[in-house]
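When reading the values below, keep in mind they use all heavy atoms of this one structure, side chains included, and skip hydrogens, waters and symmetry mates.
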Amino acid sequence: MAINERRMQAGLSVAQLAALVGVTASYIRKLETGVRECMGPGSYTRLRAALSATDDELLAPTEDPAIEKE
């Protein structure tokens, strides 16, 4: 998920985003790192609103610099 990118663009810390969404900072970190991949519908809706993001923006794959392009 592109949550980390959107959060950084919004100028929010992990703790600030967590407070807006109503979850813990640990939960946000797990989403950003891919340890956790799913959210409940209410939390997801609040996350989208906090980041002013669409489904496509949040669910888009991010480029991993560790993976070389062919």
Side-chain angles (χ1 to χ4, degrees):
M1 285 190 184
I3 296 171
N4 179 271
E5 291 175 14
R6 294 294 299 188
R7 178 180 61 76
M8 301 282 274
Q9 288 172 354
L12 295 169
S13 70
V14 171
Q16 289 170 323
L17 179 57
L20 290 171
V21 176
V23 297
T24 65
S26 174
Y27 187 90
I28 296 294
R29 281 189 215 97
K30 288 176 183 176
L31 289 169
E32 288 185 344
T33 60
V35 170
R36 184 171 186 110
E37 296 180 356
C38 298
M39 299 181 79
S43 296
Y44 181 70
T45 300
R46 291 188 300 273
L47 177 71
R48 281 185 46 204
L51 296 175
S52 299
T54 65
D55 286 334
D56 289 339
E57 292 167 333
L58 289 183
L59 301 175
T62 57
E63 291 202 21
D64 186 344
I67 299 173
E68 291 185 32
K69 293 183 180 178
E70 295 182 23

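Under the 3.5 Å distance criterion, with hydrogens and angles disregarded, a donor-acceptor pair is assigned to the side chains of R46 and S43.
Judged by distance alone, with hydrogens and angles left aside, the side-chain atoms of R29 form no donor-acceptor pair with the main-chain N or O of L31 at under 3.5 Å. No donor-acceptor pair closer than 3.5 Å links the side chain of R6 to the backbone N or O of A50.
One finds the CD atom of Q9 at 10.0 Å from the CG atom of N4 (value rounded to the nearest 0.5 Å). We find the CZ-OG1 distance between R48 and T54 to be 7.0 Å, quoted to the nearest 0.5 Å.
Of the residues L20, T33, V23, L12, the one that meets the side chain to side chain contact (heavy atoms under 4.5 Å, CB included) test with I28 is V23.
Contact record, A18 with A25: CB-N, 3.5 Å, taken as the closest heavy-atom pair. Between L47 and V21, the closest heavy-atom pair is CA-CG2, 3.7 Å.
Considering only heavy atoms from C-beta on, V14 comes within 4.5 Å of E32 through its side chain.
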Task: Test side-chain contact (heavy atoms from CB on, under 4.5 Å) applied to Y44 and L58, step by step - done: CA-CA 10 Å; Y44 181 70; L58 289 183; 3.9 Å; yes
